[in-house]
Every structure is written in C-alpha cells, then in structure tokens.
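Since the structure comes first, as structure tokens, the remarks are kept for the end.
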Amino acid sequence: MLTASQTQQAIKIMGQKFPDATTSLVADTPFHFLLAVILSAQTTDKAVNRLTPQLFARYPTPESLATATESEVIPLIKTIGLYRNKAKHLIGCAQGLVSKFSSQVPQTRSELMQLAGVGQKTANVVLAECFNIPALAVDTHVSRVARRLAMVSPQAKVAEIEKTLKQKLPAESWIAAHHRMIYWGRYQCMARKPLCESCPLLSLCAFGKKQV
DNA sequence: ATCCCGAGGG
DNA sequence: CCCTCTGGAT
C-alpha cells in the first residue's frame with residue numbers, strides 16, 4: 001500500500017496533468033446543483049448537463065418541484081438511465097427541502113442524507129461544491145483509481161476508501177484530490193482501457209506495471 | 001445482494 | 001455486441 005506521503009505525491013502529479021480539474025456539472029443554485037448530483041448517479045456528467053437546462057427552467061425552486069408528478073418529470077430526464085428512480089428522488093428531495101429545511105439546501109452531511117436520493121457520495125459532493133466544506137466523495141472513478149494505485153486495500157469498499165484517503169491526505173486537499181482523481185479516472189486511468197504506457201504514475205503503480 | 005436503465009464508446 | 005457512467009434504496 002502507498003504511504004500517506006506517496007499518496008500525496010500521486011495526487012500532486014495528478015494536479016500537474018489536470019491543473020483545472022473541477023466539477024463538470026452545470027447549475028446556477030445549490031438547489032439545482034443538488035438535483036444535478038442526484039441525476040449523475042451511474043451517468044456521465046455530459047448526459048446530465050444536456051437535460052438540466054430544461055429541467056431547471058421548469059422547476060426553478062424546491063416548491064415548484066415538490067408539487068410535480070413523476071409523469072411530468074420523467075419526460076425531462078428520460079434520456080439518462082435509472083430515470084424512474086431518479087424522478088422519485090428529485091420530487092422527494094424537493095419535498096424534503098420544503099418540509100424539513102425551509103427550502104434551503106442544508107450544510108451538514110446528516111441533514112443532506114435525510115433527503116430522498118441523497119447518500120454519502122452525493123452529500124459529500126454538495127458540501128464540497130456548494131459550501132466549500134472539506135469532504136471527499138468516493139465514486140466509481142475515485143474507487144478504481146485508489147484501488148489500482150494501492151492507496152487503499154484491494155477489497156476496500158466505499159466507506160473504507162473514504163476513511164483511508166482522508167487519513168492519508170490533509171483536509172485542505174480533500175476537495176482538490178477528489179476532482180483530480182475524477183479527472184484521472186476519466187482521462188488517464190479509465191476503467192476499460194487505462195493509459196498505463198504513458199502514465200506519469202507508473203513508478204508508483206503496481207497495477208500499471210502489470211499492464212505494461 | 002439486487003434492482004434500476006438510457007446513451008456513448010470500443 | 002459488451003462495458004461503463006461522479007449511486008441509492010430496498
């Protein structure tokens with residue numbers, strides 16, 4: 001396993017390759033950003049950004065979405081996967097915001113996770129992006145990159161990955177590390193065909209050495 | 001552990 | 001054709 005120092009070094013090198021790594025979801029308010037993150041489950045950000053302009057225009061506020069029906073929402077999001085569950089989540093989330101949080105997006109993990117469709121990962125993304133609160137969201141890219149680079153144990157599940165990465169990285173770097181690992185997973189260490197031959201992290205990566 | 005689930009890429 | 005995409009609820 002990589003030491004804390006090696007892990008920090010790897011994150012630094014990722015930042016040299018992707019200096020402007022940041023969220024790719026487009027939204028104008030915390031409410032709309034929350035909706036975009038819910039929609040992004042098992043879906044590319046590009047697919048989400050394609051439909052959100054119309055969704056946001058139709059539902060500008062939590063109140064407007066809270067009274068919507070699934071048959072109204074589904075046509076607006078049908079081009080992405082899992083749309084039936086996501087329609088329920090969007091409406092339920094808006095209803096929760098209205099009934100529990102005065103239509104304001106809450107700023108704590110436990111409050112966010114009371115909302116429909118919001119789990120640990122989505123809560124962490126919202127805390128980091130909307131409120132600049134140190135958080136480290138672990139998604140499919142972060143999981144794969146952390147495992148391949150042996151920043152965590154090979155069989156580690158999401159909760160353990162988050163815990164281990166937080167232990168190895170200073171809190172000030174969590175948000176940037178999240179973005180860099182996402183970009184790394186998208187454009188360098190892809191799931192299907194990683195670019196190990198030209199990887200700046202090859203010397204740190206047992207997985208990559210096996211591929212080359 | 002299972003289900004949900006369209007679009008894009010190889 | 002098969003795999004993957006910033007997961008969450010049951």
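Throughout, protein chains are lettered first and strands after them, A, B, ... in sequence-line order, and every chain is numbered starting at 1.
Residue A/Asn124 is tested with A/Glu129, A/Arg109, A/His178 for a side-chain hydrogen bond (donor to acceptor under 3.5 Å, both in side chains); the sole match is A/Arg109.
Remark: A/Arg192 is not in phosphate contact with B/dG9, judged by side-chain N or O atoms under 4.0 Å from OP1 or OP2. The phosphate of B/dG6 (OP1 or OP2) has a side-chain N or O of A/Tyr83 nearer than 4.0 angstrom. The side chain of A/Arg144 places an N or O atom within less than 4.0 Å of a non-bridging phosphate oxygen (OP1 or OP2) of C/dC5. Of the side-chain N and O atoms in A/Thr140, none sit less than 4.0 angstrom from OP1 or OP2 of C/dT6. Note on A/Arg84: a side-chain N or O is less than 4.0 Å away from OP1 or OP2 of B/dC5. The side chain of A/Thr43 contributes no N or O atom lying less than 4.0 Å from OP1 or OP2 of B/dC5.
Here B/dA7 is the nucleotide among C/dG8, B/dA7, C/dT6 with the atom lying nearest to any side-chain atom of A/Arg50.
A/Phe56 and A/His32 have parallel rings, their planes meeting at less than 30° on a 0 to 90° scale where 60° marks the start of perpendicular.
Only the P atoms considered, C/dT10 is 15 Å distant from B/dC5, to the nearest whole Å. Taking atom P in both C/dT6 and B/dG9, the straight-line distance is 12 Å, to the nearest Å.
Closest-nucleotide positions on DNA chain C for A/Thr44 and A/Met113 were compared, and the one nearer the 5' end corresponds to A/Thr44. Both A/Ala137 and A/His89 lie close to DNA chain C; mapped to their nearest nucleotides by heavy-atom distance, the more 5′-ward contact belongs to A/Ala137.
For A/Lys209, the NZ atom is densely surrounded, since the number of other residues' heavy atoms within 6.0 Å is greater than 12. Heavy-atom contacts from other residues, nucleotides or ligands closer than 6.0 Å to CD of A/Gln54 number 12 or fewer.
In terms of heavy-atom proximity, A/Asp139 sits nearest to A/Val142 at OD1-N, 2.8 Å.
Here the P atom of nucleotide C/dG7 and the CD atom of A/Gln42 are 5 Å apart, to the nearest Å. The distance between atom CG of A/Asp45 and atom P of C/dG7, rounded to the nearest whole Å, is 10 Å. Put simply, NZ on A/Lys46 is 21 Å from P on B/dG6, counting in whole angstrom units. Across the protein-nucleic acid pair, A/Ile80 atom CD1 and C/dG7 atom P stand 11 Å apart, rounded to whole Å. In this structure, A/Leu82 atom CG and C/dT4 atom C1' are separated by 12 Å, rounded to whole Å. In this structure, CE of A/Met190 is placed 14 Å from C1' of B/dG8, rounded to the nearest angstrom. One can place CZ of A/Arg186 at 14 Å from P of B/dG9, the figure rounded to the nearest angstrom. Distance, A/Lys193 NZ to C/dT4 P: 14 Å, rounded to whole Å.
Scanning atom types as modelled, no donor and acceptor separated by under 3.5 angstrom connect the side chain of A/Ser24 and the base of C/dT6.
A/Ser71 and A/Thr69 are linked by a side-chain donor-acceptor pair at a separation below 3.5 angstrom, with hydrogens and angles left out of the test.
Residue A/Ala191 is classed as a sugar-phosphate contact, given heavy-atom separations below 4.0 Å to backbone atoms only. Heavy atoms of A/Val142 sit nowhere under 4.0 angstrom from any nucleic acid atom.
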